[in-house]
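Worth saying up front: this structure is predicted, and the values here are computed from it rather than measured. Chain A is the first sequence line, chain B the second, and so forth, proteins listed ahead of strands; every chain is numbered from 1.
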Protein chains: 2
Amino acid sequence: MMKAVQTYAVDGEGRGKNHCVCDMCISRLSSMCSVLKPNELHKLNEITDHISIDAKNIVCEEGDNAEFLYNIVDGCVRISKMLADGRRQIIGFLVPGDFFGLSSSNGYGYSAETITDVQLCRMPREKLFKKFAEFPALGNKVLDMTKIELHGAQNHMLLLGRKMAKEKLCSFILTMSEKTGQIDNMPEDQVYLPMSRSDIADYLGLTIETVSRQFTILVKDKLIALEDNIHVRILEKERLRQISSGE
Amino acid sequence: MMKAVQTYAVDGEGRGKNHCVCDMCISRLSSMCSVLKPNELHKLNEITDHISIDAKNIVCEEGDNAEFLYNIVDGCVRISKMLADGRRQIIGFLVPGDFFGLSSSNGYGYSAETITDVQLCRMPREKLFKKFAEFPALGNKVLDMTKIELHGAQNHMLLLGRKMAKEKLCSFILTMSEKTGQIDNMPEDQVYLPMSRSDIADYLGLTIETVSRQFTILVKDKLIALEDNIHVRILEKERLRQISSGE
DNA sequence: CGTGCATTTGACCACCTTCAATAAAGGTGG
DNA sequence: CCACCTTTATTGAAGGTGGTCAAATGCACG
């Protein structure tokens with residue numbers, strides 16, 4: 001699979017010292033950068049590459065030397081782990097404001113692939129960590145975001161270990177509803193699912209057939225409506241919530 | 001369920017300023033305290049209560065106001081989440097050096113219960129976070145430990161979503177083997193499992209019957225031997241590893 | 001319009017669960 | 001110390017949820 005990396009904006013050098021590409025960033029307020037003052041942001045930008053990658057490309061692979069940390073500016077990324085025989089578990093769908101690449105060892109703990117075209121900020125891990133001393137708020141923010149990610153992982157363990165297929169899909173639709181609500185200004189009952197049925201299955205610990213069947217059931221029960229395979233309309237939100245939480 | 005809380009050592013006050021209970025702590029080097037110098041450690045101890053709790057008691061419940069963070073000094077704690085109808089997912093077994101109580105919101109994200117008798121250090125969350133400014137290494141250490149916890153959670157998502165019962169149990173035995181290896185000086189092939197079959201089942205996303213059956217199969221295949229229900233001897237470590245990773 | 005891929009639908013099957021009975025372990029009180 | 005009871009673990013039989021295999025449908029793209 002080929003990787004299309006290209007700069008979509010040059011670094012701060014050679015531009016007026018009071019402006020940089022970050023000032024206009026659409027994910028600025030939802031990312032770790034939100035805690036930085038403008039001049040601090042410019043300093044962080046000095047160690048940052050801004051890259052674009054086409055849909056369906058590998059950004060990094062499990063085990064690779066974890067050189068970079070990535071902020072998602074635009075688009076959707078999946079992170080996943082695999083067993084030796086190819087079974088895959090998607091451990092997260094990431095949207096603008098999210099980051100990935102934090103590792104507890106020298107290698108990445110998961111692979112990251114683009115689902116849509118994406119724009120990323122890429123910063124060398126070591127250099128970023130050194131900035132924590134200079135900007136303590138940044139380190140605290142990364143800790144906060146990691147805590148939120150851990151919390152999400154724990155909820156997902158509950159889903160994978162104890163929920164039925166129907167409950168899993170209802171949970172998923174509601175989770176994605178919150179995520180897309182954050183990025184776009186779409187009506188609240190409208191959910192955007194850029195990932196394939198195969199991705200959803202590997203996220204929920206199911207097969208594509210089971211995911212497809214459960215979608216059909218939810219539609220027949222008039223809890224949701226499918227505009228197409230990528231756009232879902234929520235018809236009975238409260239009922240979805242009840243099913244997803246085992247009530 | 002009653003909670004037995006009692007102080008097993010008094011605070012630093014009223015003792016020689018160059019000594020405190022932490023100096024002798026058996027989990028000192030494996031906990032977040034490991035990054036603190038002796039005098040820093042004494043300052044952290046000023047905001048810390050040292051408590052003992054008997055086996056099978058609740059320490060905190062999901063949704064409770066997350067006032068405290070707990071370090072485990074001795075014993076084993078399980079943390080878990082529940083669905084409305086009582087289905088339970090254990091999201092971790094914690095041993096000395098581990099901490100719990102970090103929350104991404106005001107309430108705890110999970111319940112914590114003691115499996116064995118335990119000794120805990122309890123510190124007010126707010127006061128601890130203020131120490132991060134004074135001791136940056138402490139904040140960095142908490143981030144490091146949270147990263148490790150997240151990494152473990154991601155591995156467990158792979159287990160819950162994609163592994164078969166046999167693979168789950170092999171993974172579990174190996175994971176517990178590493179954990180008990182860290183705390184005790186037992187022979188490497190000896191694994192200590194203080195939790196019940198019910199706990200193991202709720203950790204692996206199975207039923208107690210399936211866990212029991214898989215234990216029986218592993219014994220018949222001579223991959224492990226059961227001394228009693230709590231002590232397991234690993235006979236074929238490499239084979240266990242292969243099974244657990246889907247080879 | 002045909003090719004290729006993703007998704008849906010159907011039939012059958014297997015792993016794990018559920019239900020039930022038995023066995024073993026642990027705790028309590030006489 | 002042992003009888004009694006409760007709890008926990010094991011084992012067996014039956015059943016169901018979701019998986020596997022296969023075919024059909026839909027959709028994008030050249």
Any donor-acceptor pair under 3.5 Å linking the side chain of A:H156 with the backbone of A:Y203?
yes
Rounding to an integer number of Å, can you tell me how far B:L159 CG sits from C:dC16 P?
12 Å
Is A:R213 close enough to C:dT9 that one of its side-chain N or O atoms is under 4.0 Å from OP1 or OP2 there?
no
Does B:C76 offer a backbone N or O that forms a donor-acceptor pair with the side chain of B:T116 under 3.5 Å?
yes
Identify the nucleotide, in any strand shown, that forms a Watson-Crick or G-U wobble pair with C:dA6, with both distances under 3.5 Å; if there is none, say none.
D:dT25
Presence of B:T210 side-chain N/O under 4.0 Å of C:dT17 phosphate oxygens OP1/OP2
yes
What is the distance, to the nearest angstrom, from the CD1 atom on A:I200 to the P atom on C:dT8?
9 Å
Gap between atoms CG and C1', on A:L206 and D:dT17 respectively (whole Å)
11 Å
Interatomic distance where CE belongs to B:M164 and P belongs to D:dG18 [whole Å]
18 Å
Rounded interatomic separation in angstrom, taking CD1 from A:I208 and P from C:dC5:
14 Å
Report the C-alpha separation of A:C60 and A:E67 in whole Å, then their side-chain angles, then the decisive distance to 0.1 Å, and conclude whether the side-chain contact (heavy atoms from CB on, under 4.5 Å) test is met.
CA-CA 10 Å; A:C60 64; A:E67 196 178 352; over 6 Å; no
Is B:E236 salt-bridged to B:K222, going by a charged N under 4.0 Å from an acidic O?
no
Using the side-chain heavy atoms of A:E209, tell me which of these nucleotides is nearest: C:dT17, D:dC21, C:dT7.
D:dC21
So, does A:N229 get its side chain near the phosphate of D:dG26, meaning an N or O under 4.0 Å from OP1 or OP2?
no
Within less than 4.0 Å of OP1 or OP2 of C:dT7, is there a side-chain N or O belonging to A:S212?
no
Indicate whether OP1 or OP2 belonging to C:dT18 is found under 4.0 Å from a side-chain N or O atom of B:T207.
no
Hey, what's the ring geometry for A:Y70 with A:F100, parallel, tilted or perpendicular (30° and 60° as the breaks)?
parallel
The answer to which of B:V211 and A:F215 contacts DNA chain C further toward the 5' end, by nearest nucleotide, is A:F215
d(CG, B:D54; P, C:dG27) in whole Å
13 Å
Interatomic distance, A:I217 CD1 vs C:dT9 C1' [rounded to whole Å]
12 Å
Whole angstroms only, please: what is the CG-C1' distance between B:D228 and D:dT10?
15 Å
